[in-house]
Every structure is written in C-alpha cells, then in structure tokens.
Amino acid sequence: MSTGVNLKELAAELKLSPSTVSRALNDSYEISEATKKKVISMAEKLNYQPNPFARSLRENKSKTIAVVIPERISSFFSKVVDGIEEITQQYGYHLLVYSTHEDVDREKKIVNLLLNGRADAIILSVSSQTSDISHLTRLHERGFPLVFFDRICADIPTTKFITNDYESGFEGTKHLIQQGCRKIAFLMLSKELSITKDRYRGYLDALKQAGLSPEPQLNITCCQEEEQNIEAIRQLLMSPNRPDGILSSVEKLALATYHAVKRTDLRIPHDLKIISFFSNLSIASLLHPSLTTITQPAFSIGEECAKLLMKKLTKPRQPDLPNQIITIPSKITIRSSTIVT
C-alpha cells in the first residue's frame with residue numbers, strides 16, 4: 001500500500017500551485033468547482049496525506065484535548081478516557097493523557113505545560129493532595145476551556161460532571177445495615193476529595209437514620225501503596241473493635257480488603273460484608289465472593305465531558321462553559337459479598 005503524497009507532490013502532479021491545491025481541498029470560494037473536483041479526484045488517486053500539524057498551526061488549534069487523571073491503573077479513569085475518545089475521534093481531535101500519580105506538584109507542572117498551548121481544552125480530575133487550587137484558577141482565568149469530572153473544584157466556575165456520591169454512600173451503607181451490619185468501616189484515600197466528602201456524608205446520615213453512632217477508629221485513610229493499605233486493613237480486621245461491614249469509597253481499597261481478608265480467618269460475607277464504589281463490573285463479578293458494587297457510570301461521564309467540549313470548540317462564538325454540576329447516577333448491584341446464602 002502506498003504511503004501517499006504530500007501537498008507539494010500533489011500540486012506538482014496537478015501542475016497547480018500548492019496554495020491553490022490547499023484552498024481547493026479546504027473548499028474555498030476562490031476556487032472553481034471544476035478545479036475542486038479535479039484536485040479531490042487526484043488527491044484520492046494518489047492517496048494524499050494531509051499534515052494535521054501544519055493545519056493546526058494555521059488554524060491556531062492543536063486539535064488536541066488534554067485529559068489529566070490521578071492514576072492510569074484505575075479502571076474508572078481508563079473507562080472515562082475511553083468515553084472521551086469515543087466522542088473526540090469523531091471530530092478529528094486527539095487526546096493527550098497525563099497522570100498526576102496523586103501528586104499535586106506533578107499536577108501543577110502538567111497544568112503549566114498545558115498553559116503553553118499544547119491542547120485546546122482540558123478535562124481534569126484533581127489529585128488526592130490538591131487543596132491549593134491556584135494553578136487551576138490561573139488556567140480558568142486565562143480563558144482556557146476546562147471541565148472537571150469525578151473529583152472536582154467547586155470554587156472554579158465551569159462545568160463539572162459527577163455521580164450521585166452522597167445518595168450512593170447513603171444507599172450503600174443502608175444496604176449493609178439491612179444485612180445486619182452494626183460496625184461499618186469507611187475506607188478512603190483522602191479527606192480532601194469532593195467525592196470522599198459526599199460519600200462520607202451519605203455514610204454518616206445512613207448510620208444516623210439507623211440509630212448507629214459513627215466510630216472514628218473505623219474510618220481509615222489509606223495511601224497509594226497497596227501493601228501498606230493491605231496491612232492497615234488487616235490490622236483493623238484483627239482489632240478487638242473490628243468492623244462487620246466495610247464501605248470502600250474507591251475500588252482499589254476494596255481489592256486491598258480482599259487481600260487483607262486472605263491474611264485472616266475471616267470469611268466474606270459471613271464475618272465481613274463489603275460494598276464498594278467500582279467501575280469495572282467484569283472484575284467485580286470475578287472476585288470470590290463476587291463484590292457488591294456501586295457502579296460508577298465512567299464511560300458515560302467521559303462521553304458527556306467530550307460532547308460539551310466538542311460543542312464549545314467546533315462551533316464559533318460559543319459562550320463560556322456554564323457554571324453547573326451535572327450528575328450522572330450510579331447503580332447498586334448486589335452480589336455475594338453482602339448476602340449470606
């Protein structure tokens with residue numbers, strides 16, 4: 001298969017100037033219909049390959065969307081990226097995916113890099129360390145199209161896509177209580193994150209409604225190191241005041257809990273019932289026993305982020321992105337980790 005010709009070679013074959021060929025390919029009113037047909041026909045015949053970078057420089061657009069996520073290995077974030085790409089590729093946009101590895105300094109460096117025009121817009125979920133948001137405020141003040149998802153900055157007036165974290169935290173805890181749990185632990189990665197705060201509020205309100213008092217020692221803030229998390233959860237499970245139920249606010253901590261349980265004599269769901277925010281259903285059903293999940297609509301969140309930005313970037317004179325929070329609901333799927341059969 002031929003690799004195709006460039007603009008200069010196509011123009012030479014047609015015995016026309018490169019600028020005439022370029023205007024014909026861009027459907028310019030200055031070029032006759034007969035010439036346009038001749039150029040397009042020859043371009044198809046010779047497998048003309050346009051240079052997207054040259055075009056983007058002329059248009060002062062990179063045709064690139066930057067996606068900044070806390071980690072790549074999370075199935076939630078990978079599914080969001082898949083959802084974004086499903087839409088952006090239809091418009092000829094490419095993705096630059098950056099991972100902060102939950103490091104706010106790395107997040108700041110990435111944002112400063114993007115301020116130099118490497119992308120036309122940014123879709124971002126903040127790191128678990130992000131409390132100072134000055135770098136994100138600067139990005140927004142420069143007029144850079146910016147959309148948040150999942151872990152959002154409420155103080156920056158732009159569009160944010162979330163799931164119904166409070167209601168899901170409430171319903172997940174309520175389900176554990178209905179299954180007989182009275183000492184329910186809450187596992188989190190960071191107290192700073194918007195999602196953690198909302199899920200935790202739901203957890204507390206469900207306890208309160210059931211007449212149960214929250215116990216501070218059952219709230220565990222974990223870290224990025226899996227082995228440390230497994231050991232911290234194991235110690236919790238071996239303590240005199242051990243929980244009989246666990247609500248995990250992120251999927252990696254649910255997986256760590258399964259590993260921790262293997263290092264004890266406890267059995268799921270007889271001695272410990274587990275429910276977790278999760279996005280990868282294929283993994284949840286493969287776990288033994290299968291995991292009860294609060295399924296986050298990751299792919300849909302990605303699609304909606306991208307649809308909004310494509311509308312903004314591809315239609316001239318679009319207004320600024322509205323300051324709004326759009327909620328796409330999660331769904332609870334009951335499996336064996338919370339039901340004794």
Side-chain angles (χ1 to χ4, degrees), residues 4 6-7 10 18-19 21-31 33 36-37 39-40 43-44 47-69 77-98 110-111 113-125 136-150 152-153 156-162 297-328:
N6 60 29
L7 183 68
L10 178 61
S19 62
V21 173
S22 177
R23 289 201 296 274
L25 289 168
N26 286 303
D27 199 23
S28 169
Y29 68 91
E30 301 170 288
I31 307 298
E33 288 304 313
K36 285 179 189 175
K37 283 181 182 174
V39 168
I40 290 166
E44 289 174 351
N47 191 21
Y48 164 65
Q49 302 288 324
N51 183 337
F53 298 106
R55 172 175 284 188
S56 71
L57 287 171
R58 287 195 302 276
E59 295 175 350
N60 198 26
K61 284 184 178 179
S62 68
K63 295 284 277 187
T64 300
I65 304 293
V67 184
V68 184
I69 56 177
F77 292 113
S78 64
K79 283 180 178 293
V80 171
V81 171
D82 286 346
I84 294 168
E85 197 166 38
E86 179 75 15
I87 302 301
T88 55
Q89 67 179 357
Q90 297 171 26
Y91 293 84
Y93 275 74
H94 306 281
L95 298 187
L96 273 176
V97 181
Y98 296 91
I110 292 166
V111 166
L113 182 72
L114 294 172
L115 275 169
N116 296 329
R118 294 196 68 175
D120 298 334
I122 297 178
I123 299 172
L124 188 142
S125 190
L136 301 174
T137 303
R138 187 165 64 251
L139 195 64
H140 180 262
E141 287 173 348
R142 294 260 189 106
F144 211 95
L146 171 64
V147 170
F148 290 102
F149 74 93
D150 192 49
I152 64 172
C153 285
I156 295 179
T158 187
T159 304
K160 302 115 184 163
F161 289 90
I162 62 169
F299 192 84
S300 298
I301 287 173
E303 284 187 311
E304 294 305 316
C305 287
K307 284 176 187 174
L308 182 74
L309 278 182
M310 290 299 96
K311 184 178 177 184
K312 165 78 175 165
L313 295 173
T314 59
K315 295 186 178 176
R317 294 182 293 279
Q318 277 289 313
D320 289 341
L321 296 170
N323 181 22
Q324 61 182 343
I325 293 177
I326 297 172
T327 303
I328 304 174

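In what follows, residues are counted from 1 in the order of the sequence shown. Treat the numbers as computed from the prediction; the structure is a model and nothing was measured.
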How long is the straight-line distance from [atom2] of [Y] back to [atom1] of [X], given to the nearest 0.5 Å?
X	Y	atom1	atom2	result
Lys160	Leu146	NZ	CG	9.5 Å
Ile31	Ser22	CD1	OG	9.5 Å
Phe144	Ile122	CZ	CD1	4.5 Å
Asp120	Leu96	CG	CG	10.5 Å
Ile325	Asn323	CD1	CG	8.0 Å

Nearest heavy atoms of [X] and [Y], plus distance in Å:
X	Y	result
Ala119	Ile65	CB-C, 4.4 Å
Tyr98	Ala66	CE1-CB, 4.2 Å
Pro297	Ile328	CG-O, 3.4 Å
Ala306	Thr88	CB-CG2, 4.0 Å
Phe148	Cys153	CZ-CB, 3.8 Å
Ile152	Phe161	CG2-O, 4.4 Å

Note to self: Set out, in order, the CA-CA distance, both residues' side-chain angles and the distance that settles side chain to side chain contact (heavy atoms under 4.5 Å, CB included) for Tyr93 and Thr314, then state yes or no.
What the structure shows: CA-CA 10 Å; Tyr93 275 74; Thr314 59; 4.2 Å; yes
Should [X] and [Y] count as side-chain neighbours, where that means a heavy-atom distance under 4.5 Å?
X	Y	value
His140	Leu136	no
Thr158	Gln324	no
Asp150	Val80	no
Ile301	Ile326	no

[X] side chain to [Y] main-chain N or O, any donor-acceptor pair under 3.5 Å?
X	Y	value
Ser125	Ile69	no
Thr159	Pro322	yes
Lys63	Tyr91	yes

Q.
If you apply the rule side chain to side chain contact (heavy atoms under 4.5 Å, CB included), what do you find for Leu139 with Leu115, and how did you get there?
A. CA-CA 7 Å; Leu139 195 64; Leu115 275 169; 3.5 Å; yes
When you check the gap from the basic side-chain N to the acidic O, do Glu304 and Lys307 get nearer than 4.0 Å?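 Salt bridge present between Glu304 and Lys307.
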Exercise for the section: Carefully, step by step, assess Val81 and Ile123 under the rule side chain to side chain contact (heavy atoms under 4.5 Å, CB included). Expected result: CA-CA 10 Å; Val81 171; Ile123 299 172; over 6 Å; no
